[in-house]
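Because the structure is a prediction, the values reported are computed rather than measured.
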Amino acid sequence: MKTATLKRTLWTVALLLAGILQAGAQEGLQIDKVFDQYGRAKGCKMVEMHDATLRGFQLHVYKSLTYKQLGTAIAPYLKADRRQAKKIREVVEDGRIVSGYYMMPSAGNEMNRYILFSYTGENSGAVIYIEGRLSPDDIMKMCYTRR
C-alpha cells in the first residue's frame, strides 16, 4: 500500500514540475497575456505544442494565435515586448508595422525565444511565439520558405 501511495505522490510531483517548467516559457513577456486572454476567445484559434518537431525543426514551445475580430487589441502587448527585442524583420505599410519578427532575450535556459506577428486585415491577424535552440535563420526557413 505504501509503495502505491509513494508512486502516486512522485507522479503528481513530476506532473506539477512539468507544468511549472512549461508555464515559465514566456516568463517576462507580454505576449503571454495575449495567449491567456484571447486563446479561447470567440473568433480566435490557438495552437500550442511542447517539445515538438515542425518542418524538421525541434521546438521546445510553439504557440500561435489567429484572430478575426481583435483589431488593435494585441498591439500594446507587442509594443511592450518590442522594446526589449532584437528586430530581425519588420514590414511597415502606410507608417504602420503590419508584420514583425523579433528575437527576445533568452530566459536563461539556453533557448532562443521569438515572436512573430502579422496583421492580415483590418481586425484580423496572427501571433506566434517560438522557443527552442533555433537560430534566426532557422526561423526564417521554417516560417517563410514555401513547402
Nearest non-hydrogen partners of Leu134 and Tyr114, listed with the distance: O-OH, 2.6 Å

Please determine whether the number of non-hydrogen atoms from other residues, nucleotides or ligands lying under 6.0 Å from atom CD of Glu90 exceeds 12. yes

Tell me, do Met104 and Tyr129 make a side-chain contact under 4.5 Å, heavy atoms counted? no

Does any donor atom in the side chain of Tyr119 or Glu93 lie under 3.5 Å from an acceptor atom in the other side chain? no

Minimum heavy-atom distance Pro76-Thr72, with the two atoms named: CD-O, 3.5 Å

Shared ILVMFWY cluster between Leu78 and Ile97, side chains joined below 4.5 angstrom? yes

Hey, does the Lys NZ or Arg CZ of Arg82 hover above the aromatic six-ring of Phe117, less than 6.0 Å from the centre and inside 45° of the axis? no

Kindly work out whether a path of hydrophobic side-chain contacts (I/L/V/M/F/W/Y, heavy atoms less than 4.5 Å apart) joins Met49 to Met111. no

Would you check if Gln84 and Tyr102 make a side-chain contact, meaning some heavy-atom pair closer than 4.5 Å? no

Of all heavy-atom pairs linking Ile74 and Leu65, the shortest is CD1-CD2, 4.3 Å

Gln37 and Tyr77, any side-chain heavy atoms less than 4.5 Å apart: yes

Nearest heavy-atom contact between Met142 and Leu54 is SD-O, 3.7 Å

Heavy-atom side-chain contact between Tyr67 and Tyr38 under 4.5 Å: no

Close side-chain approach of Met46 to Arg40, heavy-atom, < 4.5 Å: yes

